[in-house]
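Everything below concerns the one structure shown next.
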Amino acid sequence: MSSLDATRAELALAVLYLNKAETRDKICRAIQYGSKYLSNGEPGTAQDVDKSTSLARKVFRLFKFINCLHALISPNAPGTPLPLVLLGKSKNALLTGFFLLDHVVWLGRTGIYKNKEQTDLLGKISIYCWLGASTCTSLVEIGELGRLSASMKKLEKELKDKDKYKDQEYCSKLKKSKERSLALIKAAMDIVVAVGFLQLAPRKVTPRVIGGFGFASSIISCYQLFPSQGKAKAT
């Protein structure tokens, strides 16, 4: 492959990545929380960037509740235990509520909806929905990691003296385990951010802590959205 072909492939990957509204939202989220970390709640340029980026992000989330609603009514994978099914459905229901209420918050912050008290109340309820959804996500990931671990141990016994890292099924399960571990870390960070916004632990979860955890969570989200080289070539 020539250097020009390699450049084209890299640009195709970047285009595929940036064409997603979700990607742009998460990049803006990283900027928002990075600014919050720098400002530490103090007035200044960093806080202005935090506030303006937070408002801009809401445009990327318009009608996103439809995605969560679709996931809510979609069937689960066969063999999924009932507790994990219920937790997954609860997560999708809470995220649907979060994004719906977020629309009202956006209308309030832009001045279209004039009732500030109502906007603040609905904004707080939406954060509680996000906190609940992040908690459900954490529990789902813990449960799924437990299931994966059990199936991998069973597969190891079946392979016995064979090299497990050359087995396609084992490698696939190992990859899923890493992905779910990363999703669990992200969900745990989002819980801390939500707790900070709700001021449930104001002495421990300061604006700088919110910014730090939120920035790290955003970077993980950006990584999770990055497409593979195969998808870029197909595009």
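- Without hydrogens or angle criteria, D167 side chain to E169 main chain gives a donor-acceptor distance under 3.5 Å.
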Listing, residues 85-97 side-chain donor-acceptor contacts under 3.5 Å, not counting sequence neighbours, or none:
| from | atom 1 | to | atom 2 | distance (Å) |
| --- | --- | --- | --- | --- |
| K89 | NZ | A71 | O | 3.4 |
| K89 | NZ | L72 | O | 2.7 |
| K89 | NZ | S74 | O | 2.4 |
| S90 | OG | L86 | O | 2.8 |
| N92 | ND2 | G88 | O | 3.1 |
| T96 | OG1 | N92 | O | 2.7 |

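- The stretch residues 187-196 participates, sequence neighbours left out, in these salt bridge (Lys or Arg N to Asp or Glu O under 4.0 Å) pairs: R29-D190, K186-D190.
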Between side-chain atoms of residues 104-114 and protein atoms elsewhere (two or more places apart, or another chain), which donor-acceptor pairs fall under 3.5 Å?
| from | atom 1 | to | atom 2 | distance (Å) |
| --- | --- | --- | --- | --- |
| T110 | OG1 | W106 | O | 2.9 |
| T110 | OG1 | L107 | O | 3.0 |
| K114 | NZ | G111 | O | 2.8 |

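- Listed by chain and residue number, nothing satisfies the salt bridge (Lys or Arg N to Asp or Glu O under 4.0 Å) test with K162 (two or more places apart in sequence, or in another chain).
- Checked for salt-bridge contact, K153 and E156 miss the test: no charged N lies under 4.0 Å from a carboxylate O.
- Note: the hydrophobic cluster containing Y223 does not contain V15 (ILVMFWY, side chain heavy atoms under 4.5 Å, direct or indirect links).
- A salt bridge links K64 with E22: at least one charged nitrogen is closer than 4.0 Å to a carboxylate oxygen.
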Output a table of donor-acceptor pairs, distance under 3.5 Å, between side-chain atoms of residues 198-216 and any protein atom two or more places apart or on a different chain; print 'none' if there are none.
| from | atom 1 | to | atom 2 | distance (Å) |
| --- | --- | --- | --- | --- |
| T206 | OG1 | V209 | N | 3.4 |
| R208 | NE | Y37 | O | 2.9 |
| R208 | NH2 | Y37 | O | 3.2 |
| R208 | NH2 | L38 | O | 3.3 |

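- Aromatic ring orientation, F197 versus Y33: tilted (interplanar angle from 30° to 60°).
- Checked against salt bridge (Lys or Arg N to Asp or Glu O under 4.0 Å), R8 has the following partners two or more places apart in sequence or in another chain: D5.
- Between W130 and F98, the angle of the ring planes stays under 30°, which puts this pair in the parallel group of the 30/60° scheme.
- F65 has its side chain out of reach of D102: every pair of non-hydrogen atoms, C-beta onward, lies at least 4.5 Å apart.
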